[in-house]
Every structure is written in C-alpha cells, then in structure tokens.
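Below is one structure; the comments refer to it alone.
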Number of protein chains: 2
Amino acid sequence: MSAAWAIAHEQGLGAMTLHEVARRVGLRQPSLYVYVESKLDLYDAMFAQANAELLARVDRAGESGSAREQLLRLSRVVLDFAVEDPARQQLLFTRSIPGFTPSAQSYALAEQLIQRTSRLLAELGCGPPQADVYTALIAGLCAQQIANDPGGDRWTRHLEPMLELFLDHFPDSSEPR
Amino acid sequence: MSAAWAIAHEQGLGAMTLHEVARRVGLRQPSLYVYVESKLDLYDAMFAQANAELLARVDRAGESGSAREQLLRLSRVVLDFAVEDPARQQLLFTRSIPGFTPSAQSYALAEQLIQRTSRLLAELGCGPPQADVYTALIAGLCAQQIANDPGGDRWTRHLEPMLELFLDHFPDSSEPR
DNA sequence: GTCTATACTAAGATAGAC
DNA sequence: GTCTATCTTAGTATAGAC
C-alpha cells in the first residue's frame with residue numbers, strides 16, 4: 001500500500017502500475033496477485049484507506065462549538081486533506097480512473113462524511129441546493145490550488161471568508177427560482 | 001481533428017489514440033505522421049482549435065453593457081462551453097494529460113481570454129486575490145457539474161447568483177489579512 | 001501520401017514449478 | 001509465497017517499398 005501511494009504521490013495515480021509497485025517492494029509483479037485480486041482491487045483498498053484517514057482527521061477536529069464553527073473546521077480539514085496530496089484527491093473526489101468505482105464497502109466510508117456535512121449544513125439553513133453551492137466552493141478552491149499553486153495557499157486561504165459570505169447570504173436569499 | 005474530438009467526446013481524452021483516429025478516417029496509423037509530428041502535437045492542435053472556438057463565442061457574446069453585465073455574460077459563455085464537453089474542458093483547463101503542455105503559439109490564444117477577464121474584474125474593483133476567488137467559483141461549478149450531473153444544470157444554474165454575491169461583497173471586504 | 005512490416009515499450013493477467 | 005515464463009493487448013514511432 002505505501003509503495004502504491006508513494007508512486008501515486010510522486011508520479012500521479014495513473015503511473016501506479018503493478019510492475020512498479022512490485023519493483024519497489026522487491027518482488028516480481030505476478031507475486032502481487034497473492035495480495036490483490038487486480039489493479040482495480042488495489043485502487044479500492046487505497047480508496048478505503050484514504051477515506052478512513054480523512055474520517056479520523058475530521059473526528060479529531062472535534063464536535064465542539066456551534067454548527068457554524070463545526071462546519072468551518074470540518075471544511076478546513078477536508079480542504080487541507082485534499083490539497084495535501086493531489087493523487088489522493090483524484091482517487092477520492094473525482095471519478096477519473098478508468099474502470100474504477102469504489103466497492104459498496106469502501107463507499108460507505110465516504111458516505112459518512114457526506115452525511116456529517118449535510119447535517120451541519122441543514123442546521124445552518126442550507127437545503128440541498130445550497131449544499132450544492134457549498135460543494136462547488138470547496139471543489140473550486142481545491143482544484144485551483146492543486147492545479148496552479150501546489151504546496152501553497154493562494155486559494156485555500158480564501159476558504160473561511162468565502163464560507164462566511166456563503167453562510168451569511170446564500171441560505172435564504174439568492175435561490176434561483 | 002474531428003475524428004480525434006469524436007473519440008475524446010465519446011470515450012474521454014485518454015482514449016484518443018492514433019490507432020483509433022486512423023481507424024476512423026480510414027487510414028493506417030503510420031499514415032497520420034504525414035499530418036502530425038506526434039500525439040502531443042495533435043493534442044496541441046486540438047488545444048488551439050478549442051481555444052479559438054471559445055474566443056469566437058466570447059466575441060459573439062459582445063461587449064455591450066456595463067462591466068458587470070459583460071462579466072456575467074462572459075462567465076456564462078465560458079462555463080457553458082466548459083461543461084458542454086468534458087474532454088475539451090480537461091484539455092483546456094486542467095493540466096492532466098501526461099507530457100502535454102501547449103506550445104507558446106497555442107497558449108497565446110488562452111492568454112487572450114485571461115486578459116479579457118482580468119480587465120473586467122479590475123474594472124469591478126477586483127484585484128488579483130479576488131480574481132483567484134472568481135476562478136475558483138467558475139472552476140468549482142464546472143467540476144461539480146461535469147462530475148455529478150453531466151448534461152444537466154444542477155450546478156451551473158447557480159452561476160449568476162454566486163457572481164452577484166461575489167461582486168457585491170468580495171471586492172472590498174473579506175480580504176484575508 | 002499511403003502502405004506493410006516491424007521495432008520498441010509496457011501494461012495486466014495466468015500457468016505451473018519450487 | 002515467490003518465482004520464471006508466457007499470453008495477450010495495445011500503444012508510439014520508424015524504415016522503406018510503392
């Protein structure tokens with residue numbers, strides 16, 4: 001697993017091949033089939049691992065404070081997590097690996113985060129349409145940060161002001177139709 | 001070119017191979033080397049063509065009205081263009097094709113749009129940091145729309161309300177630090 | 001300009017010995 | 001569990017005939 005992550009981290013998720021993984025762990029490529037059923041199976045294990053790690057961090061960020069404070073903290077944790085490792089972000093939040101869809105078991109982990117966020121948003125007066133705007137905000141900062149200033153904070157530093165603006169004005173008004 | 005776009009459109013940009021292009025135009029793969037120097041060269045031609053098309057649409061959207069109206073129209077044209085064809089969006093706005101960077105000549109076209117947008121933003125009191133927020137807004141709507149509701153408008157319909165909110169509140173206040 | 005033939009690379013996966 | 005050997009597929013690119 002860590003060899004697979006290392007490759008994804010260094011050269012992108014698409015460069016992660018079973019040959020290269022085997023090379024790094026000092027085995028021949030066919031030997032890996034003792035541990036994984038296929039390459040997609042390995043992706044699934046990585047997906048589950050990354051989601052578990054994210055959930056752990058969100059938990060560590062705690063549940064204290066108002067719903068608004070909690071949402072701000074949760075958003076910061078998620079954004080930092082995503083921006084920290086572009087390959088991981090690609091695996092978790094985009095559907096861009098040909099042939100890969102997470103198994104039901106792995107996806108259940110991802111669901112937990114979605115539930116948690118939706119609940120907080122609902123408490124703050126944001127229904128599903130506003131929640132879409134929220135996800136677009138996060139996704140936009142994340143995409144721009146990774147693409148144009150990897151390792152920096154040129155976009156991520158706008159998270160809190162944007163969320164404040166969003167929470168102050170979007171929940172009630174501005175609903176299109 | 002149109003065969004290449006058709007493949008990208010149907011199966012994604014990564015599925016565009018010289019073999020498949022040749023198949024579609026009734027040639028053998030080596031014959032394509034009369035027309036392109038390499039696969040990356042073909043990507044570059046596609047990049048230039050798509051940028052030219054986008055610029056043409058932006059021009060057609062006209063320059064009448066206030067800076068605010070112009071920015072709203074330009075943003076709508078760009079967002080619709082990007083969402084319309086995910087493969088094209090990937091080629092133009094993400095840097096996710098291994099080994100591909102646009103030639104200086106092709107990139108000059110992309111620069112024109114950037115210039116135009118920056119000028120409008122500046123007229124509306126948005127400096128570079130606010131322009132970053134603007135690009136994140138567009139990128140976020142675009143990414144979510146393509147990933148989660150392709151062909152629909154679940155995210156893109158929020159464009160105008162979000163821009164209004166952004167222009168009304170972000171230019172002066174909310175600047176982090 | 002187009003072809004055939006081929007070199008080269010590299011991937012995922014399987015068979016069967018040890 | 002690990003290996004060698006191999007199958008199968010598919011890609012980019014080049015050489016040289018026509």
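Predicted, not measured: the structure shown is a model, and the values here were computed from it. Residue numbers start from 1 in every chain, and the chains themselves are labelled A, B, ... in the order their sequence lines are given, proteins ahead of strands.
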Decide, yes or no, whether a salt bridge links B/R119 with B/E123 under the criterion of side-chain N to carboxylate O below 4.0 Å.
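Judged by the 4.0 Å cut-off on N to carboxylate O distance, B/R119 and B/E123 do form a salt bridge.
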
Taking NZ, NE, NH1 and NH2 as the nitrogens, is one of them in A/E53 or A/R57 under 4.0 Å from a carboxylate oxygen of the other?
yes

Do B/Y107 and B/T101 meet the criterion of a side-chain donor-acceptor pair at a distance under 3.5 Å?
no

What distance separates B/K39 NZ from B/F100 CZ, expressed to the nearest 0.5 Å?
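Going from NZ on B/K39 over to CZ on B/F100, the span is 12.0 Å.
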
Pairing string, 5' to 3', for DNA chain C - Watson-Crick or wobble contacts under 3.5 Å, brackets [ ] where pairs cross, | to another strand:
||||||||||||||||||

Can you confirm whether B/Q115 is buried at CD, in the sense that more than 12 heavy atoms of other residues, nucleotides or ligands lie under 6.0 Å from that atom?
yes

Which parts of residues 29-44 of chain B get close to DNA chain D, meaning a heavy atom less than 4.0 angstrom away?
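Contacting residues: B/Q29, B/P30, B/Y33, B/S38, B/K39.
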
I need the minimum non-hydrogen distance between [X] and [Y], along with the two atoms involved.
X	Y	answer
A/Q145	A/V83	CG-CG1, 3.7 Å
B/P86	B/I146	CB-CG2, 3.9 Å
A/E164	A/R68	OE1-NH2, 2.7 Å

Using a 4.0 Å cut-off on heavy atoms, which residues in residues 3-23 of chain B reach DNA chain C? List them by number, or say none.
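Listed by number, there are none.
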
Do A/T135 and B/N148 come within less than 4.5 Å of each other through their side chains, counting heavy atoms only?
no

Take B/D59 and B/R116 through the test salt bridge (charged side-chain N to carboxylate O under 4.0 Å, His left out) and record every step on the way to the result.
CA-CA 11 Å; B/D59 280 338; B/R116 203 143 154 179; 2.7 Å; yes

